[in-house]
Q: 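One structure, as C-alpha cells, below. Some questions next.
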Amino acid sequence: MSLLEHLERQISGLTPSLLPSRHFVVAYSAGIDSHVLLHALWRLQQAKKTPFTLSAIYIHHGLSENADLWQQHCADVCDALNVEFASAKVALDFSNGKGIEAQAREARYAKLVEMAPTDSTIMLAQHQDDQLETVLLQLKRGAGPKGLSGMGAYFTSAKLDASQHNVHFFRPLLDISQQQIQHYAKEQSLVWQEDESNQNTDFERNFIRRDVAPLLNERWPHIAQSVSRSAKLCAEQQALLDEVSLEKLQPLRKPNNTLCVKGLLALTEAWRLQVVRLWLDEQNILSPSQAILTQLSNELLLSAQDANPIIQWQSWQFRRFEDALYVITVPKDVKSYSTILSLSKKYELPLSLGCVELVRAQDWGGSKSFLAIDSPDNSPEFGQVTLSFGGFSRRFTPQNSPHSKPLKQWFKQWHIAPWERSQIAVISQNERIVGLLRKGAFLPSQHSADLRARGDFAYGLSYSGE
C-alpha cells in the first residue's frame, strides 16, 4: 500500500467523534516528514474523494539562525499549493531546568492549540521510525506499559491544557517508515529543509537516530515494525488496566479531587500506585518516577496523624491532610510579605489573591467583603493597620467565639490544610489581629464584628477580586 493510500484510509477511518470538523492543520516544520504529510494531504484534497479544509502552521522556536529561512520556505510551499499558512514565534525559558527538547515541544504544542480553530485536527508527521526512538527512550527510562505504548495516534488538547478550546491531534503516519517517506518525497520531487541540530548527538533522540537505529536495522531490518506492534499491544494492555483501575479509583474519590487514605491503604501496593497514576493522569499531571511513588505509602500515607509529610517532584507535591491525599502545585512562600496600609490606596496581594483597600466608612458601598476597623489615625490609641502572612502562634478571637486561641489551633479546628494556611492574610491593628482574609472573604474578630453590628466604625478594609 502506498503512502497516499495509507493516509486516505487513515482519514476515512476516523469516526465523527474523533473528527468533529473537516479542518486539518499540518504542523509544518519545513522538514521532509511534515512536507510529505502536507503534500499528500493536499493531493487527497485535490482528488476530492474525502472533502476537507487544509491549512498549515509553522512554529518559530528561535533556536536556529536558519529558522527565518525555514519559515519562509514553509510560506512559499503553502503559497504554491494554495494552502492557508500561519506562523508564530515562541519564547523558551532556559532557567526553568527543563531540557531544550522538552521545552520546545511543550511550547510548540501550546501555540498550535492556541492558533488552530476549535474542533480542528492538527496533523503531526511522526512515523514508524520515530516510534522506535520513542520506545527505546522509554526503555532507557525504565517505563512501564504506559510509556512503552509510545506515541498514540490520537489525542485531544485536553491532555495538554484543559482551559484551552478543544483541538484534536492525529498522527496518521505511525505505520509509515522513514524509507517510505523518502521514497514519496523523491517521487514527487519535493524540496525540504534540514535542521542542523539533527546532527547533534548530544540530544538523546538524535543519538538513537544516528548511532543506534542503523545498527538495529542492519541486524533486524523489520525492527521498527516489530517495536510498533509491541507499542500497540502495550497500549491495549494499558487501556484494559485503566478500566480496572478506574473501578478501584471511583470509591476512593473525596471532595476537592482528593483520595481517601484509608481506602488507598486497603489496596495492595501495586494497585495503590496504579490508581494514583490514573488519578494524576486524569488531571494531566505527569506521574513521578517509580522511586518517588514507592515513597508514597511509608513516608506519607502511613505517617503519624499529626505529621505534615511532603513528597515533591518537579512542580508538584503529594500532601496528606486528615484522611485525604492531595496533589498540589508547590506553594510559594509569602511569609516575608508584610505591609502597612495607607488610606485610599489599593494593595495587590501576592499569588494573585486579590486587592485590599483601606477606606472611610462613608465610602463603603455595602459590599460583604468588608472588615470594620477602628480609626487608623496615627494616635497611640489606634496604631497602624498591617497586612501580613504567617505568624500563626499569635492569638485570635474570631466572631461568635468567647475565647482566644493561637491561629494554628483555629486552623486545625476549622480543618484548613497546612499549605492553605500560608495563603491566609492576617490583618492587625496595634498588634491585635482584627481579622483574616481567606479565599476572598474576611473572617472578622469579635471586636470587628461588634463594631460593624453597631455601625460604630470610622474605617474598614474592602476586598476586590481573586
Side-chain angles (χ1 to χ4, degrees), residues 254-261 283 285 296 299-341 347-356 368-371 373 385-449 461-466:
K254 299 191 71 171
N256 302 317
N257 199 21
T258 63
L259 297 183
C260 174
V261 170
Q283 302 171 73
I285 299 174
L296 189 61
E299 297 186 18
L300 191 144
L301 300 181
L302 290 170
S303 61
Q305 286 296 313
D306 58 351
N308 182 26
I310 301 173
I311 295 178
Q312 182 170 322
W313 76 101
Q314 295 181 356
S315 60
W316 299 98
Q317 288 182 347
F318 283 130
R319 303 289 290 265
R320 194 204 70 199
F321 182 61
E322 297 180 338
D323 186 44
L325 173 66
Y326 292 75
V327 59
I328 64 170
T329 55
V330 176
K332 293 184 179 179
D333 185 9
V334 292
K335 289 182 179 178
S336 60
Y337 182 92
S338 178
T339 185
I340 298 173
L341 304 179
Y347 293 85
E348 185 173 345
L349 303 180
L351 306 181
S352 301
L353 294 177
C355 297
V356 295
K368 293 182 180 179
S369 299
F370 189 84
L371 182 71
I373 295 176
V385 178
T386 304
L387 185 147
S388 61
F389 294 85
F392 301 147
S393 60
R394 299 168 62 190
R395 302 187 73 85
F396 177 54
T397 305
Q399 181 181 9
N400 299 324
S401 175
H403 306 294
S404 71
K405 299 179 186 177
L407 280 173
K408 56 186 177 183
Q409 292 185 21
W410 287 118
F411 292 160
K412 185 176 181 180
Q413 180 175 323
W414 295 336
H415 304 285
I416 300 175
W419 57 93
E420 294 179 349
R421 300 172 189 178
S422 62
Q423 296 188 14
I424 297 177
V426 180
I427 299 98
S428 306
Q429 184 178 23
N430 203 23
E431 299 187 0
R432 178 177 62 181
I433 298 177
V434 295
L436 309 174
L437 177 61
R438 181 190 179 214
K439 294 183 177 180
F442 286 112
L443 284 69
S445 66
Q446 184 61 57
H447 175 70
S448 176
L461 196 63
S462 68
Y463 171 84
S464 60
E466 183 176 3

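These numbers were taken from a predicted model, which means no experiment stands behind them.
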Q: Mind checking whether L301 and L325 have side chains closer than 4.5 Å, heavy atoms only?
A: yes
Q: With a 4.5 Å heavy-atom cut-off, do S388 and V426 have their side chains touching?
A: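 S388 reaches V426 side chain to side chain.
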Q: How long is the span from the CZ atom in R438 to the CD1 atom in I416, to the nearest 0.5 Å?
A: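 Nearest 0.5 Å value for the CZ-CD1 distance: 4.0 Å.
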Q: Run the numbers on L387 and I340 for side chain to side chain contact (heavy atoms under 4.5 Å, CB included), then give the verdict.
A: CA-CA 7 Å; L387 185 147; I340 298 173; over 6 Å; no
Q: Quick one: does R319's side chain get under 4.5 Å of P418's, heavy atoms only?
A: yes
Q: Return the minimal non-hydrogen interatomic distance between P406 and S393, and the atom names on each side.
A: CB-O, 3.7 Å
Q: Does K408, at its NZ atom, have more than 12 non-hydrogen atoms belonging to other residues, nucleotides or ligands within less than 6.0 Å?
A: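 12 or below, so no.
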Q: Measure the spacing between OH of Y337 and CG of L351 and express it to the nearest 0.5 Å.
A: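 The OH atom of Y337 sits 10.5 Å away from the CG atom of L351.
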Q: Are F411 and F392 close enough that their ring centres sit under 6.0 Å apart?
A: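 Here the rings of F392 and F411 have centres that are less than 6.0 Å from each other.
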Q: Atom CD in Q312, atom OG1 in T329: separation rounded to 0.5 Å?
A: 10.5 Å
Q: How far apart are the closest heavy atoms of Q305 and E322, and which atoms are they?
A: OE1-O, 4.2 Å
Q: Could you tell me the separation between the CG atom of L443 and the CD1 atom of I427, rounded to the nearest 0.5 Å?
A: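 So the gap between those two atoms works out to 9.0 Å.
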Q: Consider only side-chain N and O atoms of K439 and Q423, and report whether a donor and an acceptor are under 3.5 Å apart.
A: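 Judged by distance alone, the side chains do not pair up.
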Q: Any heavy-atom pair between the side chains of L341 and Y347 that's under 4.5 Å?
A: yes
Q: Show your reasoning for whether salt bridge (Lys or Arg N to Asp or Glu O under 4.0 Å) applies to R394 and E431.
A: CA-CA 10 Å; R394 299 168 62 190; E431 299 187 0; over 6 Å; no
Q: Will you find, in the side chains of Q399 and Q446, an N or O donor that is under 3.5 Å from an N or O acceptor?
A: no
Q: Would you give the length of the straight line joining atom NZ of K412 to atom CZ of R421, rounded to the nearest 0.5 angstrom?
A: 8.5 Å
Q: Between W410 and S404, what is the shortest heavy-atom contact and its length?
A: NE1-C, 4.4 Å
Q: So Y463 and L437, do their side chains get closer than 4.5 Å, heavy atoms only?
A: yes
Q: Of all the heavy-atom pairs spanning V334 and S422, show the shortest one and how long it is.
A: CG2-O, 3.3 Å
Q: Under 4.5 Å between any side-chain heavy atoms of V330 and W316, yes or no?
A: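 SC-SC contact between V330 and W316 ruled out.
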Q: Side-chain contact, heavy-atom cut-off 4.5 Å: L300 with I310?
A: no
Q: Is the shortest side-chain heavy-atom distance between T397 and H403 below 4.5 Å?
A: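 Not in contact.
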Q: How close do F396 and V434 get, heavy atom to heavy atom, and via which atoms?
A: CE1-C, 4.4 Å
Q: The test is side chain to side chain donor-acceptor pair (under 3.5 Å); show your working for N308 and R320 and say whether it passes.
A: CA-CA 7 Å; N308 182 26; R320 194 204 70 199; over 6 Å; no
Q: Kindly give the heavy-atom pair with the smallest separation between L371 and S448, and that separation in Å.
A: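 So the two residues come closest at CD1-OG, 3.4 Å.
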Q: To the nearest 0.5 Å, what is the distance between SG (C260) and CG (D323)?
A: 4.0 Å
Q: Apply the test side chain to side chain contact (heavy atoms under 4.5 Å, CB included) to residues T386 and Q429: give CA-CA distance (whole Å), side-chain angles for both, the deciding distance (0.1 Å), then the verdict.
A: CA-CA 6 Å; T386 304; Q429 184 178 23; over 6 Å; no
